[in-house]
Amino acid sequence: MTTTLVFNPKAARFLDAAHDEEVSLRRAQGRQVRFIAEFAAVGGSRRSVTEEVALRFSVSRNQAFLLVETSCALVARLPNTLAALEKGDIDLFKASKVSHLTREVSDEVAAQVDAFMVKRLAGRDPTAIRKSVSGAVQKFDRAGYKARAEKKRARRHISLEHEDETMSTLSGFLPSEVAGSIYASMSRAARARRAQDKSRTLDQHRADIFAERLLAEDGHGKPRAHIHVYVDFLTLAGARDDPAILAGYGPIPDWLVREIASDPGSTWSRLITDPATGQLLEAGADKYRSPASLARLIRARDRECTHPGCHRPAEFSEIDHIINWARDGRTDHHNCHAACKIHNLLKEEPGWSAAPTGNGGMTITTPSGRTYDATPEPLHDPRPEPEDDTPPF
């Protein structure tokens, strides 16, 4: 079979134009990197700088941290990599592969790696760059690499990242040989199941086995999940189709919350909201056993850390005052809120302040003088009382 290739000059022009714009964006990133590094030099502590960048750019704290750390490293220790970015040979994501893998090495080793990578950046994909940098770090810092590997293996952990359409990613940071063994074990079990059950794909069997093994706490018992879902009673009964709220994730559809509710192991708490605002007024104890406490009400109302851009569930956060108790801050639902440990400590940084606006809301002022409003999301949209046209009897 013979295939004839036809050159399409119009398509080539579009592609070339798109590439030119990409080069322009890369060069702009180079300029941005220098501005961020300059801000970091004068903006206060690294924690304060990171939080200000997160608020100003409307990104997560982790994204801001990576941007600040990468910018400072490129300007201070990796001049060749920064030059490649400013020239447009690489983008910031590729540059971060160099900065990330050299962040714990000495300035001397970083300079050696930076020089080694001069001709190994342009035209290469991020994975290829990462592998080259990793090889260079091992070459120039063998002892340091071994020590860091041992420390990193001690920092093994799991993490949760919420995705779209009711899905999330649960990942484990594990030693490579352990992770490989786990995946191989699940794959073997999935193939065995697939041979008996063709209704699910191999990937689906593998994912189901993964969930079953983790939810069975003793490794043998029936899986049992414990989650927090906020749902309108009318939605639960099927009279409304409003979305419910899954703590730490966000809105989930009515059909899914009814599936969760049908589990015989589910337990319930009573939440009373203000119809006019959707804000929480009372949070009952599990199975209606006792009146709501202030902490329970705040966790149910806030659902997440109330700092803008932070989505750590309130059940894993701290309950604290917006205006400190030592400064005569009141202990009530207006002046108390849920805050993760990082953002609870942020109020102690020079130049940071917060003023309550009521019902857990607050106005945050940063060291650069900018203000940001943070208010717990209502559990439902305001519902004005219906007009009653029925004549009295």
Side-chain angles (χ1 to χ4, degrees), residues 44-45 47-48 50-52 54-55 60-61 226-232 245-250 267-367 369-383:
S45 70
R47 174 190 291 168
S48 181
T50 297
E51 296 295 348
E52 274 224 70
L55 289 172
S60 69
R61 182 182 181 277
H226 181 74
I227 57 175
H228 293 261
V229 181
Y230 303 83
V231 56
D232 186 293
I245 302 295
L246 176 61
Y249 177 84
T267 57
W268 297 93
S269 295
R270 176 170 56 108
L271 303 179
I272 300 177
T273 60
D274 182 344
T277 65
Q279 289 290 1
L280 192 65
L281 297 178
E282 182 181 332
D286 286 350
K287 300 181 181 177
Y288 307 96
R289 280 198 293 264
S290 67
S293 68
L294 179 62
R296 183 164 56 243
L297 184 146
I298 290 170
R299 285 196 171 93
R301 178 197 67 196
D302 293 352
R303 297 173 324 266
E304 297 177 339
C305 170
T306 52
H307 188 88
C310 184
H311 301 285
R312 183 170 180 79
E315 61 184 304
F316 305 125
S317 299
E318 301 174 349
I319 304 298
D320 205 349
H321 300 75
I322 297 172
I323 295 180
N324 288 339
W325 182 82
R327 293 167 48 210
D328 297 324
R330 297 178 61 184
T331 304
D332 60 20
H333 70 283
H334 291 300
N335 187 49
C336 291
H337 67 141
C340 71
K341 189 175 184 64
I342 290 173
H343 290 122
N344 200 24
L345 292 173
L346 185 63
K347 67 181 70 170
E348 308 300 330
E349 288 285 337
W352 287 84
S353 65
T357 58
N359 207 24
M362 60 182 172
T363 298
I364 300 170
T365 303
T366 72
R370 290 180 173 83
T371 59
Y372 301 86
D373 292 326
T375 303
E377 290 288 332
L379 289 174
H380 59 74
D381 292 333
R383 293 172 183 161

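If you're wondering where the values come from, they're calculated on a predicted model, not measured in any experiment.
Between E52 and P367, some side-chain heavy-atom pair lies under the 4.5 Å cut-off. Proximity of R312 to I342: side-chain heavy atoms (C-beta onward) are nowhere separated by under 4.5 Å.
Aromatic ring pairs are classed by plane angle as parallel below 30°, tilted from 30° to 60° and perpendicular above 60°; the pair H307 and H343 is parallel.
Without hydrogens or angle criteria, H334 side chain to N359 main chain gives a donor-acceptor distance under 3.5 Å.
Looking at every heavy atom in both residues, H321 comes nearest to G329 through CD2-O, 3.8 Å. For the residue pair H337 and R301, the shortest heavy atom distance occurs at CA-NH2, 4.0 Å. Considering all non-hydrogen atoms of both residues, C336 and R330 come closest at SG-O, 4.1 Å. Of all heavy-atom pairs between N324 and K347, the closest is OD1-CD, 3.5 Å. In plain terms, the two heavy atoms of N335 and P356 that are nearest each other are OD1-CG, 3.6 Å. Across every non-hydrogen atom of C305 and A339, the tightest pair is SG-CA, 3.8 Å.
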Worksheet item: Would T365 and W352 count as a side-chain contact (heavy atoms from CB on, under 4.5 Å) if you check the C-alpha gap in whole Å, the side-chain angles of each, and the deciding distance to 0.1 Å?
Response: CA-CA 6 Å; T365 303; W352 287 84; over 6 Å; no
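If you take CG on D320 and SG on C340, they are separated by 12.0 Å, rounding to the nearest 0.5 Å.
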